[in-house]
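Only one structure is covered here, and it is reproduced in the block below.
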Amino acid sequence: MAEKVDRRVRKTKAQLRQGLARLMQKKSIKEITVKELVDEVDINRSTFYLHYTDIYQMLEKIEEEAMLEIREALEGCPVHCTERKKIIPFLARFFSIMDSNRDLALALLGPNGDMDFVARIETLIASKFLDQNSFSLPDNEVSYAYSFCLSGCVGMIKTWLSRAEHESPDSMARLTFHLIDNITQKYLKDYVR
């Protein structure tokens with residue numbers, strides 16, 4: 001009997017997530033009301049309040065779940081990892097997470113999204129891959145280069161998710177790795193003396 005309840009709860013939460021994603025693609029979280037969300041997904045207000053206290057808490061829980069998934073994907077990579085064979089599986093898992101949460105990812109990365117959430121993901125990834133001491137560059141140059149690569153990745157993810165038919169997460173992982181690797185290698189070769 002408990003399994004049936006769990007399935008209904010999962011289904012209700014999935015409906016709410018999809019509804020929130022749709023609404024966030026049109027307006028900011030500050031403009032979305034509980035009434036508007038429950039009308040969007042055709043559930044009772046009381047059902048919403050069984051799971052969340054308000055829209056902000058719902059978004060916070062969704063973001064926490066996404067961060068947990070990303071952290072779990074990062075566990076396979078050692079700190080400051082630069083090895084292709086370890087980075088590409090992480091990137092593939094990351095793209096899979098984005099793909100399986102496409103509508104929500106587009107909403108969070110879009111103009112009405114939560115830039116603090118994007119910054120938390122960037123910080124998490126930077127803490128894993130960015131070791132400023134491993135470069136013979138001033139810290140500010142490493143930070144700028146890293147910001148450049150991360151911003152490009154965010155744009156690439158948005159473009160990829162926006163396409164009706166898109167490449168597989170594995171293909172995107174390889175492309176991302178090659179683009180970043182080529183850019184950084186070229187920069188180190190041509191500009192660092």
Side-chain angles (χ1 to χ4, degrees), residues 9-43 47-48 51-74 87-129 146-180 183:
V9 168
R10 282 194 309 269
K11 183 179 177 190
T12 299
K13 286 185 173 184
Q15 285 177 288
L16 287 166
R17 283 172 54 119
Q18 291 166 352
L20 183 62
R22 284 191 302 272
L23 291 172
M24 283 181 68
Q25 289 178 8
K26 299 174 194 167
K27 55 174 71 174
S28 81
I29 190 76
K30 294 175 186 171
E31 299 172 301
I32 299 170
T33 64
V34 171
K35 181 179 180 351
E36 186 177 19
L37 175 59
V38 298
D39 286 348
E40 174 78 17
V41 298
D42 197 27
I43 64 168
T47 303
F48 174 89
H51 305 290
Y52 306 106
T53 57
D54 58 26
I55 294 286
Y56 299 103
Q57 192 226 10
M58 178 186 171
L59 181 60
E60 183 181 316
K61 293 288 184 195
I62 290 168
E63 290 177 352
E64 284 173 14
E65 290 170 12
M67 287 298 287
L68 180 62
E69 271 191 275
I70 294 166
R71 274 192 199 95
E72 288 172 357
L74 276 169
I87 292 176
I88 290 182
F90 158 70
L91 290 171
R93 178 70 187 118
F94 182 80
F95 276 100
S96 291
I97 292 166
M98 294 292 113
D99 195 29
S100 63
N101 297 288
R102 176 187 280 200
D103 291 344
L104 194 58
L106 276 171
L108 291 171
L109 296 173
N112 298 314
D114 184 355
M115 290 301 108
D116 287 339
F117 176 68
V118 175
R120 286 196 312 270
I121 291 174
E122 289 176 350
T123 301
L124 178 65
I125 292 171
S127 70
K128 190 69 166 185
F129 295 109
Y146 198 75
S147 292
F148 177 82
C149 289
L150 276 176
S151 295
C153 287
V154 169
M156 190 168 67
I157 291 166
K158 286 166 57 172
T159 301
W160 177 69
L161 290 171
S162 297
R163 295 175 58 175
E165 292 186 29
H166 60 259
E167 296 76 10
S168 72
D170 289 335
S171 295
M172 290 305 295
R174 287 190 302 279
L175 176 62
T176 303
F177 179 83
H178 290 301
L179 287 171
I180 292 172
I183 289 168

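In what follows, residues are counted from 1 in the order of the sequence shown. Remember, it's a predicted structure, so these values are computed and weren't measured experimentally.
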- Nearest-0.5 Å distance that lies between atom CG in Leu23 and atom CD in Gln18: 12.0 Å
- Message: I need the minimum non-hydrogen distance between Phe48 and Ile55, along with the two atoms involved.
- Response: CZ-N, 4.0 Å
- Message: Within the structure provided, determine whether Phe94 and Thr176 are in side-chain contact (heavy-atom separation under 4.5 Å).
- Response: no
Using a 3.5 Å cut-off and no angle test, enumerate the donor-acceptor pairs between side-chain atoms of residues 156-164 and protein atoms at least two apart in sequence or in another chain.
| from | atom 1 | to | atom 2 | distance (Å) |
| --- | --- | --- | --- | --- |
| Lys158 | NZ | Leu109 | O | 3.4 |
| Thr159 | OG1 | Gly155 | O | 3.0 |
| Trp160 | NE1 | Glu167 | O | 2.8 |
| Ser162 | OG | Lys158 | O | 2.7 |
| Arg163 | NH1 | Glu167 | OE2 | 3.3 |

- Task: Could you list the residues that satisfy salt bridge (Lys or Arg N to Asp or Glu O under 4.0 Å) with Asp103, not counting sequence neighbours?
- Result: none
- Value for NZ (Lys13) from NZ (Lys11), rounded to nearest 0.5 Å, stands at 16.0 Å
- Message: Going by the rule salt bridge (Lys or Arg N to Asp or Glu O under 4.0 Å), which residues pair with Glu40 if we only count those two or more places apart in sequence or in a different chain?
- Response: Arg22
- side chain to side chain contact (heavy atoms under 4.5 Å, CB included) involving Ser168 - partner list, sequence neighbours excluded: Asp170, Ser171
- Where do Leu37 and Leu16 come nearest, in terms of heavy atoms and distance? CD1-O, 3.7 Å
- Item | Gln57: side chain to side chain contact (heavy atoms under 4.5 Å, CB included) partners, not counting sequence neighbours | Tyr52, Thr53, Asp54, Lys61
- Residues passing the side chain to side chain contact (heavy atoms under 4.5 Å, CB included) test with Lys30, sequence neighbours excluded, are Ser28, Tyr56
- Between the main-chain N or O of Ile97 and the side-chain N or O of Asn101, is there a donor-acceptor pair closer than 3.5 Å? yes
- Query: Can you list the residues that meet the salt bridge (Lys or Arg N to Asp or Glu O under 4.0 Å) rule with Glu36, with sequence neighbours excluded?
  - Reply: Lys27
- Query: Gln15: what forms a side-chain hydrogen bond (donor to acceptor under 3.5 Å, both in side chains) with it, not counting sequence neighbours?
  - Reply: none
- Query: Rounded to the nearest 0.5 Å, how far apart are SG of Cys153 and CD1 of Ile121?
  - Reply: 12.0 Å
- Query: When rounded to the nearest 0.5 angstrom, what is the spacing between CG in Leu179 and CZ in Arg174?
  - Reply: 13.0 Å
- Taking every heavy atom of Ala73 against every heavy atom of Arg93, the minimum-distance pair comes out as CB-CG, 3.3 Å
- Euclidean distance, Glu31 CD relative to Thr33 OG1, rounded to 0.5 Å: 11.0 Å
- Arg120: side chain to side chain contact (heavy atoms under 4.5 Å, CB included) partners, not counting sequence neighbours: Glu63, Met67, Asp116, Phe117
- So, for Pro169 and Ala92, which heavy atoms are closest and what is the spacing to 0.1 Å? CB-O, 3.6 Å
- Message: Restricting to non-hydrogen atoms, name the atom on Ala107 and the atom on Met24 that form the minimum distance, rounded to 0.1 Å.
- Response: CB-CB, 3.7 Å
- With Lys35 via salt bridge (Lys or Arg N to Asp or Glu O under 4.0 Å) - residues at least two apart: Asp39
- Task: Report yes if some heavy atom in the side chain of Val154 is under 4.5 Å from a heavy atom in the side chain of Glu122; otherwise report no.
- Result: yes
- Ignoring hydrogens and angles, tell me if any N or O in the side chain of Ser151 forms a donor-acceptor pair with the backbone of Phe148 under 3.5 Å. no
- d(Ile29 CD1, Leu59 CG) to nearest 0.5 Å is 4.5 Å
- Contacts of type side-chain hydrogen bond (donor to acceptor under 3.5 Å, both in side chains), residue Glu65, not counting sequence neighbours: Arg17
